[in-house]
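Just so it is clear: chains get the letters A, B, ... in the order the sequence lines come, proteins before strands, and each one is counted from 1.
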There are 2 protein chains.
Amino acid sequence: MAVTLGDVARHAGVSLATASRVLNGSARTVTEELSAKVRASADALGYLPNAPAQALARATGATIGVLLHDVADPYFGAIARGVGDAAARAGLLSLVTSTDGDPERELHAIRMLHAQRVRAIVLAGSGYTDPDAGRRIDEALAAYRDQGGIVTAITDHGPGYGTVLPDNRGGAAELTTALLGLGHRRIAVVTGPERMRVAQERLEGVLEAAAAAGLGGEEVLVERAEFTRDGGRAAVARILDRADRADRAGGAGVRPSVVVALSDICAAGVLAELRERGIAVPEEISVAGFDDIPLATDLAPALSTVRLPLADMGAEAVRLALDPAAGSGDGRQVLVAAEVVLRASTAQAP
Amino acid sequence: MAVTLGDVARHAGVSLATASRVLNGSARTVTEELSAKVRASADALGYLPNAPAQALARATGATIGVLLHDVADPYFGAIARGVGDAAARAGLLSLVTSTDGDPERELHAIRMLHAQRVRAIVLAGSGYTDPDAGRRIDEALAAYRDQGGIVTAITDHGPGYGTVLPDNRGGAAELTTALLGLGHRRIAVVTGPERMRVAQERLEGVLEAAAAAGLGGEEVLVERAEFTRDGGRAAVARILDRADRADRAGGAGVRPSVVVALSDICAAGVLAELRERGIAVPEEISVAGFDDIPLATDLAPALSTVRLPLADMGAEAVRLALDPAAGSGDGRQVLVAAEVVLRASTAQAP
DNA sequence: GTGAAAGCGCTAACAG
DNA sequence: CTGTTAGCGCTTTCAC
């Protein structure tokens with residue numbers, strides 16, 4: 001049914017090999033005359049290469065895989081876009097898998113991508129810290145690499161992988177310092193699940209800056225949450241309830257004057273909960289996020305955050321994968337700067 | 001290098017055919033004894049099927065393609081997530097292509113997906129109305145279908161395609177009616193580019209409801225914009241500038257009392273522009289959007305909009321593609337209801 | 001129920 | 001520079 005290379009070759013009166021050479025690039029060269037004939041036949045017949053056949057013959061496909069938590073999440077969506085665009089520029093298609101951060105599903109996704117013989121796998125959201133799940137995933141990744149696959153990561157996944165390294169720690173530290181500069185002395189941090197490397201790095205940045213400014217452990221409340229809107233909402237609710245209970249028990253002013261959510265999505269939930277409780281932001285409590293997702297500036301109030309060039313990071317991960325010369329340092333790393341963006345959700349401490 | 005089916009067969013002491021039958025399903029049955037042996041060998045050796053080879057032999061791949069404007073856009077991101085999940089449930093991987101609505105890129109993407117021999121193509125964001133570009137795209141799609149491909153669409157693409165049909169027109173009409181009920185009599189509509197079918201349908205819904213309520217052409221201002229934040233922002237700026245100019249020229253009260261942006265992203269831009277101009281929402285002007293993207297409720301103020309079950313729509317499109325019995329009506333359509341959600345951005349007309 | 005063998009469409013030596 | 005040919009790994013008749 002479909003037009004094959006053979007059909008084109010016959011129609012052009014050349015051999016299969018020649019047709020292949022002109023249509024699907026090759027080192028060897030073909031005379032312009034035959035070349036033109038083949039091209040003419042190809043589009044007269046409406047030839048479209050059979051990618052699986054090419055992948056089989058070449059032992060590598062024309063696709064690139066992306067592993068992330070959720071494409072619908074603005075953070076990952078932007079990365080997926082960057083990966084997709086860079087892949088397209090290289091003539092590749094991108095396979096996107098949303099795993100919700102579930103190690104079992106990540107493992108399965110990696111196997112599927114491996115089976116597809118994708119040219120490379122970009123790890124965008126698999127920042128596990130859990131060694132157990134990590135081992136099996138590493139094995140799957142190793143098997144893939146042993147067969148010529150390339151793995152590249154956004155956020156550290158250990159040495160050996162080309163890595164795009166956003167300055168999570170530095171950005172978080174800078175943000176914290178800025179907040180401290182506004183006079184805040186009691187700060188609540190809504191961080192992500194322990195297994196997420198980004199969450200850990202960002203948390204460390206906050207803690208580090210707080211400690212450097214002489215804040216003690218009691219002045220920095222850390223609350224874990226999923227990196228989702230509801231996670232942020234619930235986390236801030238717990239923080240406030242606890243503070244209020246302490247207040248009633250005699251303490252005073254134990255409420256934090258600022259809450260730093262380590263992801264914008266989370267911060268959106270924090271804002272929602274605060275609004276619902278009638279707590280004015282930033283008059284009573286300041287709020288900051290991280291990532292600077294596209295809608296951050298449209299939240300109520302406009303969210304102060306740390307900007308990361310998400311799409312570029314995705315593109316960079318692809319470049320690292322496809323270009324053996326890209327990246328520097330022994331782990332082939334690309335460092336990405338984070339930039340503090342102060343908007344309306346943060347103000348001088350009351 | 002890689003472990004092949006042949007290796008497994010040899011290791012298990014059976015033929016290639018038998019190994020294939022047990023590992024990659026088939027109508028024929030194999031004794032439990034051999035079956036077990038093969039499975040044991042397979043995972044002793046760490047066998048992973050070669051998807052391209054399977055695709056070549058079977059003449060169809062284990063992937064599904066999604067064509068959309070931009071994965072990073074919440075509307076499409078949610079759809080992509082739904083498609084990806086449904087695909088995963090069917091054991092398939094999903095290929096995502098962002099085209100920014102550019103017909104040339106859409107055409108190219110369709111060809112790439114066809115070349116990959118994807119099992120189906122889900123058209124999520126190709127609602128062109130422009131017949132010129134449409135023709136070439138239809139041809140590419142037809143060629144794909146002639147070779148056994150299945151095309152399914154979200155939003156109407158003409159008969160012949162299985163279609164998931166959100167009630168754009170009805171939702172827009174209902175929203176408009178609700179606005180009219182709040183006393184608004186001068187309404188501005190920020191719609192999308194002419195080539196986008198969704199934009200047209202939604203616009204028609206608004207116009208229809210307005211006409212039914214006896215509003216004349218002068219009371220409904222229509223402004224086109226790209227369906228992006230900046231598009232919405234610029235559109236509302238044009239609307240206001242024009243109204244203000246008219247005001248100065250002697251007219252009075254020509255400013256609309258409500259602006260309906262036919263996409264939430266657009267509405268976010270509208271809100272931003274209004275905020276910048278110091279116009280209070282909803283006190284001076286009400287604003288409404290469409291889609292109910294996840295962050296709609298977190299905008300400033302919380303956005304009134306029309307909810308569409310985006311992820312479900314994506315999943316439904318996949319079901320339509322994979323299950324020949326799915327969908328009803330001659331065009332195999334699945335109707336999806338839209339629900340008006342009134343939040344803080346709309347209020348009684350001043 | 002199981003195996004042998006013929007492709008699927010293309011690439012890449014290898015000759016000429 | 002061009003053509004011949006042997007696979008790539010798997011599925012699938014077709015015999016046994």
Rounding to a whole Å, what distance do you find between A/Q54:CD and D/dG7:C1'?
16 Å
Salt-bridge contact A/D7-A/R10 (side-chain N to carboxylate O under 4.0 Å)
yes
Reckon B/S15 has a side-chain N or O less than 4.0 Å from the OP1 or OP2 of C/dG3?
yes
On the nucleotide C/dT2, are OP1 or OP2 found under 4.0 Å from the side-chain N or O atoms that B/T31 carries?
yes
For B/L56 and B/T18, find the nucleotide of DNA chain D closest to each by heavy atoms; which residue's nucleotide sits nearer the 5' end?
B/L56
Mapping B/L34 and B/A57 to their closest nucleotides on DNA chain C, which lands nearer the 5' end?
B/L34
Please determine, for the side chain of A/R58, which listed nucleotide (C/dA12, D/dT11, C/dT2) has the closest atom?
C/dA12
Strictly below 4.0 Å, N to O, side chains only: are B/E106 and B/R136 in salt-bridge contact?
no
Base, sugar-phosphate alone, or nothing: which one does B/P49 contact when heavy atoms must sit under 4.0 Å apart?
sugar-phosphate
C/dC10 OP1/OP2 closer than 4.0 Å to side-chain N/O of A/S20
no
Should B/D100 and A/R81 count as an ion pair when the cut-off is N to O under 4.0 Å?
yes
Carboxylate-amine/guanidinium contact B/D43 B/R39, below 4.0 Å
no
So what does B/A59 touch, heavy atoms closer than 4.0 Å: a base, only the sugar-phosphate, or nothing?
nothing
Rounded to whole Å, the CG-C1' distance (B/L23 to C/dT2) equals 15 Å
Once you round it to whole Å, what is the distance between C1' of C/dC10 and CG of A/D7?
13 Å
Salt bridge present between B/D312 and B/R319 (N-O < 4.0 angstrom):
no
Over how many whole Å does the gap from A/E32 atom CD to D/dT2 atom P extend?
11 Å
Quick one: the side chain of B/R117 and the base of C/dG9, do they pair up donor-acceptor inside 3.5 Å?
no
Measure from CG on B/N50 to C1' on C/dC8 and round the result to the nearest Å.
13 Å
Any side-chain N or O of B/N24 under 4.0 Å from OP1/OP2 of D/dC10?
no
Please report the distance, rounded to the nearest Å, between CD in A/Q147 and C1' in D/dG9.
13 Å
